[in-house]
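Notes to accompany the following structure.
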2 protein chains.
Amino acid sequence: MSTHSFTEENYLKLIYALVSRGADEVSTNALAEVTATRAASVTDMLKRLADKQLVHYRKYQGVRLTDEGERLALTIIRRHRLWEVFLVDKLGFGWDQVHEMAEELEHIRSDELVERLDSFLGNPQFDPHGDPIPTPAGHMPAAPSQKMADLLPNESACLLGVLDHSAAFLQHLDRSGLVLGCTVNVSEISPFDRSMRVTIPPGQTLFVSYDVARNLLVGPTKA
Amino acid sequence: MSTHSFTEENYLKLIYALVSRGADEVSTNALAEVTATRAASVTDMLKRLADKQLVHYRKYQGVRLTDEGERLALTIIRRHRLWEVFLVDKLGFGWDQVHEMAEELEHIRSDELVERLDSFLGNPQFDPHGDPIPTPAGHMPAAPSQKMADLLPNESACLLGVLDHSAAFLQHLDRSGLVLGCTVNVSEISPFDRSMRVTIPPGQTLFVSYDVARNLLVGPTKA
DNA sequence: ATAAATTTTTAGATTAGACTAAAAAAAGTT
DNA sequence: AACTTTTTTTAGTCTAATCTAAAAATTTAT
Ligand SMILES: [Mn+2]
Ligand SMILES: [Mn+2]
Ligand SMILES: [Mn+2]
Ligand SMILES: [Mn+2]
């Protein structure tokens, strides 16, 4: 029943994120980068997390989560994503506005609160950015992995998520009319800059730059 | 645009509460009591709050809020009470379960979040305990002040709030069938222990001890 | 294999917020 | 008024989380 500080919880979440998109162990510098602190501060914190058995840490060798550390990281991510659903679905925020608030809300300590929130929201499977919501037990469901940029001409797919979570990118999608869940059909790909011409539901045509397409995740269309 | 720590916000809220139910200035010891810290720690914090112009503080003379300090205290109280309404009305928590969670939620920093939450909840005027919700501008509406213990035989009144917020008291009310909003009619008061016999809506009779009656707030019945 | 560059750790300092023990001020009593 | 008790402040210590500067280990390049 030990309790953890916001700071510790944030480190765990970031270690999880770095491990899941890359190497097996995370470097001190990589963590200093994402925590916006100095390497010396990271070393300090890694020692503390190792004391609490939340990470495996060997000097100069980088760090990875223990089972308990990963379980904890996933509950924080679960909370973050459920609160984002609340903010968008219930309070009407835009998907580009909710990240900072969820960064705070995810630390509210109450399992019952999270589980009641989950049912209030209708047990959503994905957050507003298409990221899967971990189970209460701490299991991360599979996420879509195919990028829109990998589609071939004439292929259709369903828009499922974003890789770039920046407000600028999300607002660009809003302006383009690209919405999660919508079906896109690739009509043409320019060999020069890999930009795509795609059509979306009510017969609308639009151009998608490679920079956008490689940050969009797609999956099979709902038949 | 300055930002305040959870600790600072809690001190402001507690100073507000102590001032509103008592003397003009709050003593160091009184604050040590309610913050569950030592007097020396309180003195430290009062100096810091005075530096930030949130309190008027004179050595050995106690402390009171500045205008800015009071405005801030009231926004924290507003947030606390709105989150309590959310937890009870939307997530189905009991009124005896929500205080600790609201203690954390009240510190989430986003004015827009609070205002959207307010409309989502239907702009409630009172929290689940009958406490009035301050306005966004920082004005505390008048609260009911008449105690059920002050009713006379044959008087009717509407149950509007509680003075004791402890889970034990609230659960006792649940078991008795006393619910905020219900109309009570005093049929008899024992001169021995000041206990009351009261009737509530579907013709139910119940006994209310003085200890309970002096912790219940009442107002005129809705004609 | 050495030297140079990079990464990581250690050492020492700082800040917020708490603590204890002792000094000082205020309040209460004879 | 002088003594006693209570309250409050000061002085000094501690921990979590940060920092900078310097030392040590590792990696890369010659
Ligand atoms: Mn987010
Ligand atoms: Mn998200
Ligand atoms: Mn409360
Ligand atoms: Mn309340």
Side-chain angles (χ1 to χ4, degrees), chain A residues 1-15 18-19 22-65 69 72-73 76 103-104 106-107 109, chain B residues 1-15 18-19 22-65 69 72-73 76 103-104 106-107 109:
Chain A
M1 299 307 130
S2 81
T3 185
H4 315 92
S5 68
F6 285 23
T7 312
E8 287 170 336
E9 293 186 347
N10 284 333
Y11 268 87
L12 293 176
K13 217 178 40 158
L14 291 168
I15 294 167
L18 288 174
V19 166
D24 202 57
E25 310 227 288
V26 177
S27 75
T28 301
N29 261 3
L31 274 167
E33 174 80 26
V34 295
T35 56
T37 62
R38 300 311 190 136
S41 310
V42 172
T43 300
D44 252 27
M45 179 56 88
L46 292 183
K47 286 177 181 169
R48 261 189 304 248
L49 292 174
D51 283 349
K52 295 195 176 187
Q53 319 262 356
L54 295 170
V55 301
H56 295 293
Y57 168 64
R58 302 189 325 286
K59 278 188 190 177
Y60 293 101
Q61 302 306 305
V63 73
R64 58 180 220 281
L65 296 173
L72 192 51
I76 311 299
E103 280 299 315
E104 299 189 32
E106 71 191 2
H107 301 292
R109 285 167 229 294
Chain B
M1 314 313 129
S2 81
T3 185
H4 315 93
S5 69
F6 285 22
T7 312
E8 287 170 335
E9 292 186 348
N10 284 333
Y11 268 87
L12 293 176
K13 218 177 41 157
L14 290 168
I15 294 168
L18 288 174
V19 166
D24 203 57
E25 310 227 289
V26 177
S27 75
T28 301
N29 261 3
L31 273 168
E33 174 80 27
V34 295
T35 55
T37 62
R38 301 310 192 135
S41 309
V42 173
T43 300
D44 252 28
M45 178 56 87
L46 294 183
K47 285 178 182 170
R48 252 172 297 162
L49 292 174
D51 282 350
K52 295 196 176 186
Q53 319 262 356
L54 296 171
V55 301
H56 295 294
Y57 168 64
R58 301 190 325 286
K59 278 188 189 177
Y60 293 100
Q61 302 305 304
V63 72
R64 59 180 220 281
L65 297 172
L72 192 50
I76 310 299
E103 280 298 316
E104 299 189 31
E106 71 191 2
H107 301 293
R109 285 168 230 292

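Labels below follow one simple rule: chain letters A, B, ... track the order of the sequence lines, proteins then strands, and each chain is numbered from 1. We use all heavy atoms of the structure for the numbers below, so side chains are in, but hydrogens, waters and symmetry mates are not.
- Contact between the side-chain N/O atoms of Thr37(A) and the OP1/OP2 oxygens of dA17(D) is not found at any separation under 4.0 Å.
- To the nearest angstrom, P of dT10(C) lies 6 Å from OH of Tyr60(A).
- Nearest nucleotide to the side chain of Thr7(A), out of dA17(D), dA25(C), dG17(C): dA17(D).
- Heavy atoms of Tyr57(B) sit under 4.0 angstrom from primed sugar atoms or phosphate atoms, though from no base atom.
- Taking only side-chain atoms of Ser27(A), from C-beta outward, the nucleotide of dT18(D), dT8(C), dT9(D) with the closest atom is dT8(C).
- For Arg38(A), the listed nucleotide lying nearest its side chain is dT20(D); candidates were dT18(D), dT20(D), dA18(C).
- Checking dT10(C), dT18(D), dT8(D) against the side-chain heavy atoms of Asn29(B) singles out dT8(D) as nearest.
- Phosphate proximity of dA18(C) to Ser41(B): absent, as no side-chain N or O sits under 4.0 Å from OP1 or OP2.
- For CD of Glu33(B), the number of neighbouring non-hydrogen atoms (other residues, nucleotides, ligands) closer than 6.0 Å is 12 at most.
- Each of Leu54(A), Val55(A), Thr37(A) was checked for a side chain to side chain contact (heavy atoms under 4.5 Å, CB included) with Tyr11(A), and the lone residue meeting it is Thr37(A).
- With dC19(C), dT8(C), dA18(C) as the candidates, the nucleotide lying closest to the side chain of Ala40(B) is dC19(C).
- At dA16(D), none of the side-chain N or O atoms of Arg48(A) fall inside 4.0 Å of OP1 or OP2 (strictly under the cut-off).
- At the phosphate of dT10(C), OP1 or OP2 sits under 4.0 Å from a side-chain N or O atom of Lys59(A).
- Side-chain proximity of Thr43(A) to dA17(D), dT10(D), dT10(C): nearest is dT10(C).
- Along DNA chain D, the nucleotide nearest Glu8(A) and the nucleotide nearest Ala39(B) are compared for position; the residue whose nucleotide lies closer to the 5' end is Ala39(B).
- Between Lys47(B) and dT9(D) there is no side-chain polar atom (N or O) within less than 4.0 angstrom of OP1 or OP2.
- If you check dT18(D), dT26(D), dA18(C) against the side chain of Gln61(A), the one that comes closest is dT26(D).
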